[in-house]
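Both backbone and side-chain heavy atoms feed into the values below; hydrogens, waters and symmetry mates do not. Residue indices begin at 1 and follow the sequence shown.
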Amino acid sequence: MSEETSSTLLDRVFGPKFKEVLPWIFLGYVLISIAIIVKLSIPEHYMRVGTFGFYTISDIKKDNPSAYRKYLQENNQQMYRMFSQLASQEILKKEAAAKGIPVEELTKFGRGYEPVQDEVVAAYNQFKDEPGLKGKPLAAVQGEIVKYLKAVQADRERQSFFGRMREEYNTEIIGPELPPPTRVAIDASENPTLGPADAKVTIVEFSDFECPYCAMSQTTTKALREQYKDKIKWVFRDFPMDFHRNAMFAHVAANCAIPQGKYWQYNSLLFENGRKLEKGNVIKLAQQAGLDMGAFNRCIADEDKIKGEIEADMQAGQSYGVNGTPAFFINGILVEGNMPIQNFTKIIDEELKNN
């Protein structure tokens with residue numbers, strides 16, 4: 001019995017015409033392979049200018065490192081939120097299965113909690129000067145305060161539960177390391193300042209009294225000043241956005257409080273009333289801040305001069321990369337937007353350690 005050649009074997013298995021189509025099969029394989037390689041080698045995000053101008057995220061990383069870092073930071077934060085939500089769901093399923101109870105039984109946070117009257121009174125005294133409670137007696141807002149305290153207790157229990165469960169289930173969320181932050185050299189300027197001149201950390205805030213995110217960020221800024229006290233110097237610079245029609249006059253008025261030494265009191269009132277900054281109300285708030293109204297009115301009459309100083313702040317901010325408010329520079333390191341306090345403390349602690 002003679003040995004069968006591979007050619008004869010192919011003819012017998014696939015038929016005599018197989019050799020004719022074999023080159024086309026090979027060509028198809030090559031083309032599919034090339035398509036896969038091209039697909040894998042071309043990034044999801046890119047830009048093309050003309051025929052040969054091809055740009056990727058690597059070009060942004062090289063040409064604009066601060067923008068690239070912000071992109072990574074925001075991407076990391078979004079991924080962390082999504083993984084955190086998924087982790088909570090999976091932990092609930094595992095814990096409910098382990099205990100043999102429905103998931104819903106694990107999530108009745110704050111159940112059975114009723115605040116005592118001393119807690120209600122303490123909360124009322126803490127917040128009675130806030131816009132929502134100001135001028136209202138305790139009896140009128142008791143129900144709202146009880147509801148608030150219950151929500152706080154439920155949130156406290158939720159945070160405690162998931163913190164404990166994540167430790168128990170050895171949960172870890174890992175993301176890519178961010179590149180070192182870009183540090184901007186901020187020129188010294190004469191602006192309202194809190195804290196010692198020789199503080200190791202200087203925080204420059206570019207903000208807008210009519211910006212809601214700026215108003216919300218004031219809780220964080222006050223907490224930071226309280227936490228770090230004389231370890232930080234805080235500088236406020238004007239950045240009223242063009243589309244906030246009442247913002248410019250509010251910033252002019254605020255600058256007129258500087259000579260009277262009442263800038264920061266007026267600053268707080270303007271942020272608290274950010275949705276009511278019509279000219280008449282801004283002037284009323286100046287009275288509320290205890291300003292000498294004669295001197296104040298003479299100052300705002302010279303509005304054009306003060307506008308020039310404010311516009312100089314805005315131009316400086318733009319040159320540092322500010323394109324929205326609020327924007328903060330911690331020893332020249334940019335933090336944009338109404339961010340959690342941890343975004344600030346991480347940088348501040350690092351700067352205090354290294355300076």
query = In terms of hydrophobic clusters joined by side-chain contacts under 4.5 Å, are Phe243 and Phe239 together?
reply = yes

message = Is there a salt bridge (Lys or Arg N to Asp or Glu O under 4.0 Å) between Lys93 and Glu90? Walk through the geometry before answering.
response = CA-CA 5 Å; Lys93 288 178 191 173; Glu90 293 304 308; 3.3 Å; yes

task = Compare all side-chain heavy atoms of Pro240 with those of Ile310 and state whether any distance is below 4.5 angstrom.
result = yes

request  = Search all heavy atoms of Pro196 against all heavy atoms of Asp230 and return the closest pair with its distance.
outcome  = CG-O, 3.1 Å

task = Return yes when atom CG of Asp242 has more than 12 non-hydrogen atoms of other residues, nucleotides or ligands closer than 6.0 Å, and no otherwise.
result = no

request  = Using the salt bridge (charged side-chain N to carboxylate O under 4.0 Å, His left out) rule, collect all pairs that involve residues 318-339, keeping only residues at least two apart or in two chains.
outcome  = Lys70-Glu336

task = Could you tell me whether a side-chain N or O of Gln288 sits under 3.5 Å from a main-chain N or O of Lys284, the two making a donor and an acceptor?
result = no

remark   = When rounded to the nearest 0.5 Å, the distance separating CD of Glu190 from CD of Glu309 is 9.0 Å

inquiry  = Hydrophobic clustering (ILVMFWY, side-chain heavy atoms < 4.5 Å, transitive) - are Phe206 and Tyr213 grouped together?
reply    = no

key: Approximate separation, where rounding is to 0.5 Å, of Gln78 CD and Asn75 CG   = 8.0 Å

Would you mind writing out the side-chain donor-acceptor pairs for residues 107-115 within the sub-3.5 Å range, not counting sequence neighbours?
| from | atom 1 | to | atom 2 | distance (Å) |
| --- | --- | --- | --- | --- |
| Thr107 | OG1 | Glu104 | O | 3.1 |
| Lys108 | NZ | Glu105 | OE2 | 3.1 |
| Tyr113 | OH | Glu119 | OE1 | 3.4 |
| Tyr113 | OH | Glu119 | OE2 | 3.1 |
| Glu114 | OE2 | Lys150 | NZ | 2.7 |

inquiry  = Checking the side chain of Asn331 only, and the main-chain atoms of Lys200 only, is there a donor and an acceptor separated by less than 3.5 Å?
reply    = yes

inquiry  = Tell me if a side-chain donor or acceptor on Arg166 pairs with a main-chain N or O of Ser84 at a distance below 3.5 Å.
reply    = yes

Linked, directly or transitively: Met339 and Met216 (ILVMFWY side chains, under 4.5 Å) = no

Neighbour count above 12 (heavy atom, 6.0 Å) for Tyr124 OH = yes

inquiry  = Restricting to non-hydrogen atoms, name the atom on Phe209 and the atom on Ala254 that form the minimum distance, rounded to 0.1 Å.
reply    = CE1-CB, 3.6 Å

ask   = Do Glu168 and Met165 have side chains that get closer than 4.5 Å, going by heavy atoms?
value = yes

message = For a 4.5 angstrom cut-off between non-hydrogen side-chain atoms, does Cys214 reach Phe271?
response = yes

Contact check, side chains of Lys222 and Ser268, non-hydrogen atoms, under 4.5 Å = yes

task = Give the C-alpha distance, both sets of side-chain angles, the deciding distance and a yes or no for side-chain contact (heavy atoms from CB on, under 4.5 Å) between Leu138 and Val120.
result = CA-CA 9 Å; Leu138 174 59; Val120 176; 4.0 Å; yes

inquiry  = Nearest 0.5 Å, please: how far is CD1 in Ile232 from CG in Leu352?
reply    = 8.5 Å

ask   = Given side chains that start at C-beta, do those of Phe249 and Glu303 come closer than 4.5 Å, heavy atoms only?
value = yes

key: Under 3.5 Å: donor-acceptor pair, side chain of Thr221, backbone of Gln218   = yes

ask   = Between the main-chain N or O of Val141 and the side-chain N or O of Lys136, is there a donor-acceptor pair closer than 3.5 Å?
value = no

Atom pairs and distances, donor-acceptor, side-chain atoms in residues 343-350, under 3.5 Å, two or more places apart:
| from | atom 1 | to | atom 2 | distance (Å) |
| --- | --- | --- | --- | --- |
| Thr345 | OG1 | Ile341 | O | 3.4 |
| Thr345 | OG1 | Gln342 | O | 3.3 |
| Asp349 | OD1 | Tyr228 | OH | 2.7 |
| Glu350 | OE2 | Asn354 | ND2 | 3.4 |

key: Residues Arg164, Ser160; criterion side-chain contact (heavy atoms from CB on, under 4.5 Å); working and verdict   = CA-CA 6 Å; Arg164 194 171 64 253; Ser160 174; 3.7 Å; yes

inquiry  = Please report the interatomic distance CG(Asn76) to CD1(Ile173), rounded to the nearest 0.5 Å.
reply    = 11.5 Å

ask   = Would you say Tyr169 and Phe161 are hydrophobically clustered, going by side-chain heavy atoms of ILVMFWY under 4.5 Å?
value = yes

ask   = Counting N and O atoms only, with roles assigned by atom type, does the side chain of Asn281 sit under 3.5 Å from a partner on the main chain of Leu277, one being a donor and the other an acceptor?
value = no

inquiry  = Could you check whether any side-chain N or O of Lys229 sits under 3.5 Å from a backbone N or O of Glu226, counting only pairs where one atom can act as donor and the other as acceptor?
reply    = yes

request  = Indicate yes or no: at least one non-hydrogen side-chain atom of Asp292 is less than 4.5 angstrom from one of Phe296.
outcome  = no

task = Let me see the working for Tyr320 and Arg237 under side-chain contact (heavy atoms from CB on, under 4.5 Å), right down to the final yes or no.
result = CA-CA 13 Å; Tyr320 302 142; Arg237 300 191 69 169; 4.1 Å; yes

task = State, with a plain yes or no, whether a side-chain heavy atom of Arg158 is found less than 4.5 Å away from one of Asp155.
result = yes

query = Within the distance-only criterion (no hydrogens, no angle test), does the side chain of Asp208 pair as donor or acceptor with the backbone N or O of Thr325 below 3.5 angstrom?
reply = no

Derivation of the side-chain contact (heavy atoms from CB on, under 4.5 Å) call for Leu334 and Val184 = CA-CA 8 Å; Leu334 177 62; Val184 179; 5.8 Å; no

note = The reported gap from CD in Gln89 to CG in Leu86 (rounded to nearest 0.5 angstrom) is 6.0 Å

query = Do Phe127 and Ile145 have side-chain heavy atoms sitting under 4.5 Å apart?
reply = no

request  = Assert yes or no for the condition that the ring centre distance of Phe236 to Tyr266 is strictly below 6.0 Å.
outcome  = no

ask   = What heavy-atom pair brings Ser217 and Asn338 nearest, and what distance separates the two atoms?
value = CA-OD1, 3.3 Å

key: Closest contact, heavy atoms only, Asn246 versus Glu210   = N-OE1, 2.9 Å

key: Expected output: side-chain Asn255 to main-chain His251 donor-acceptor under 3.5 Å   = yes

query = Can any side-chain N or O of Arg48 pair as donor or acceptor with the backbone N or O of Gly50 at less than 3.5 Å?
reply = yes

ask   = Counting only heavy atoms not in Arg245, do more than 12 sit closer than 6.0 Å to its CZ atom?
value = no

query = What distance do Lys307 atom NZ and Met248 atom CE have between them, rounded to the nearest 0.5 Å?
reply = 6.0 Å

request  = Would you kindly confirm whether Tyr80 and Phe162 end up in one hydrophobic cluster when ILVMFWY residues are joined by side chain heavy atoms under 4.5 Å apart?
outcome  = no

